[in-house]
Amino acid sequence: MSDRRSAQWYGGDDRNSYIHRAWMRRGLPADAFDGRPHIAIANTASDLTPCNSHLNEVGRSVADGINRAGGIALNLPVVSLGETQVRPTAMLWRNMAAMAIEEMLRANPIDGVVLLGGCDKTIPALLMAAASVDLPAVVVPGGPMLTGTFRGVPLGCGTDVWKLSEEVRAGTLSADEFQRSESSMIRSRGHCNTMGTASTMGLLAEVLGMTLPGIAGTPAPDSRLLEASFATGELAVDLVSRSLRPSQVMTAASFHNAIVALAAMGGSTNAVVHLLAIAGRLGVTLSQDDFDRIGADVPLLVDLQPAGRFLMEDLYRAGGLHAVLAEVRDLLDPSAVTVIGEPLVSALGAAMVYDREVIRARSAPLQDSAGIAVLYGNLAPDGALVKPAAATPALLQHRGPAVVFDSVEDLNARLDDPALEVTADSVLVLRGCGPKGYPGMPEVSNMPLPAKLLAEGVRDMVRVCDGRMSGTAYGTVVLHVAPEAAAGGPLAKVRTGDMIVLDLQNRRLDVDVPADEWEARVPSAEAARAYAAPRRGWEKLYVDTVGQANTGADLSFLVGSSGDQVSRESH
């Protein structure tokens, strides 16, 4: 018998090894246990995760590749999170999914794993789990959907939901027309076709080195995704033979490159909490300040919604991820390697740009400096984020009176009240939406604009929140404010009428209230009444142990890793 990990279960002639083998002999021949690598396919396919519903087909191609390479393919359904479906927010269960996947990878007789994900939280959860177990692992991103059209115009799922719904509220689009667009928005299998969180994390999985080079961004219905999935199955067997582990691939250099790519692509702000959490599992030193330090001056090269015009299918035909990375090659750390054992940059030599409207030349970017900016001040002692690429430039230096909402329910109840005292210069402030307060840090920071301002033609305002926003969203939104209000952050003390100062150039977010008055203020009791107060179950464990956004919002006892070893038998 071999020295593979699976041999700890299957090797020998005692009762326990007999049990482990016998219960797997439902189609597997005797030589399945002769030392061949057993590869799990951690599959997040689910009918309730619509963006991942095609991953069973992808998994079959992966399995074919594993089997042809001499391995044993084993389907392992794991926790799946449908961003558009679960309430109160999928982020509440990202850490739970990561924990459950980690435990199943460690507990089962496998030598390596192929990670199938697509929807926003699935790839982060899979990578967090794989990092904590550190078995040989490789990702297959499920890929974006094809472009749908409505009234002859391409639709960006997510981004155009926000736009069209605001047009309905402004009275420039009928409710019937809005409903008609629904069947056009989601044209095919796959995740959002904008540069939202799903697209961002699928692409960054490759930049981190954790995919077969060239696969990320392949549209979900494209037959080339199945071809690459087959090759990934073969690669997984090779990974086991080389014992190449995530900790050897996802290094500090890999995260440096991910931050560069995030800026050049105009990727989602959600990538910050996910990359911080993944790095925390690996023991890689990474802080939110690194996103500003490394990415702030990286030019925006990809003209995709929500920061631009095009969609993921366009990026793929224009040359894809490698063409983008080739433009910023000098900013990449050349020491970072991929799962094939070669430097990431070695795959960029043949990259070509086939459409300079979609992927801009380094000399002619959409924006000169487009990285995510980290703000500090008396309103955000531990930081807050803003995405300049998706904001209105004129609003990035702004001073205006706060209009404060104590909860999402408060926002929904009062936002469109004609008596609401609000102007285009006001700053909308929403609190109680952080990891502890909601719970789970929902995507609500891109608050709708008041109906009366929409009717006047206003389409953007400064908004400040301790929650997140969808990667498909846009606007001048300051988010991830830390500490959150429910964790004692100063956002809890802001009152309507306080002057809020946003100063991108100096990286500041402040409330202009005399220091002695500010110090004497007590947090809003109305906001506190709306904070989550679970009594049992996952929500209580989450609220009691979750970290803040600036550290990745992982649970305190999940940071780090435990390796792949289990010492005791089950019988």
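Because the structure is predicted, anything quoted here is derived from the model rather than measured.
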* For the residue pair Gln397 and Asp503, confirm or rule out a side-chain donor-acceptor distance under 3.5 Å. => yes
* With no hydrogens and no angle check, is any side-chain donor or acceptor of Gln548 less than 3.5 Å from a backbone partner on Ala482? -> no
* Have Ser268 and Thr197 got a donor and an acceptor in their side chains that come within less than 3.5 Å? -> yes
* Compute whether any side-chain donor of one residue and acceptor of the other, for His480 and Gln288, lie under 3.5 angstrom apart. => no
* Checking Lys163 against Tyr474: charged group under 6.0 Å from the ring centre and within 45 degrees of the axis? -> yes
* Asked: Would you call Arg468 and Glu443 a salt bridge, taking side-chain N to carboxylate O under 4.0 Å as the test?
  -> yes
* Could you pull out the closest heavy-atom pair between Arg94 and Pro124, with the gap in Å? => CD-CB, 4.3 Å
* Asked: Less than 4.0 Å between a side-chain N and a carboxylate O, is that true for Glu357 and Arg309?
  -> yes
* Asp333 side chain to His256 main-chain N or O, any donor-acceptor pair under 3.5 Å? -> no
* Non-neighbouring partners of Pro448 that pass side chain to side chain contact (heavy atoms under 4.5 Å, CB included), sequence neighbours left out -> Glu166, Arg169, Leu411, Leu415
* Answer yes if the side chains of Thr423 and Asp425 hold a donor-acceptor pair under 3.5 Å, and no otherwise. => no
* Between Arg360 and Glu327, is there a salt bridge with N-O shorter than 4.0 Å? -> no
* Asked: Who passes salt bridge (Lys or Arg N to Asp or Glu O under 4.0 Å) against Arg495, sequence neighbours left out?
  -> none
* Keeping to residues at least two apart or across chains, list the salt bridge (Lys or Arg N to Asp or Glu O under 4.0 Å) pairs with something in residues 378-403. => Arg399-Asp512
* Asked: Are any of the side-chain nitrogens in Asp134 or Arg245 under 4.0 Å away from the carboxylate oxygens of its partner?
  -> no
* Asked: Salt bridge between Asp498 and Lys493, side-chain N to carboxylate O under 4.0 Å?
  -> no
* In plain terms, say whether Lys540 and Asp544 are close enough for a salt bridge, that is, a side-chain N and a carboxylate O under 4.0 Å apart. => yes
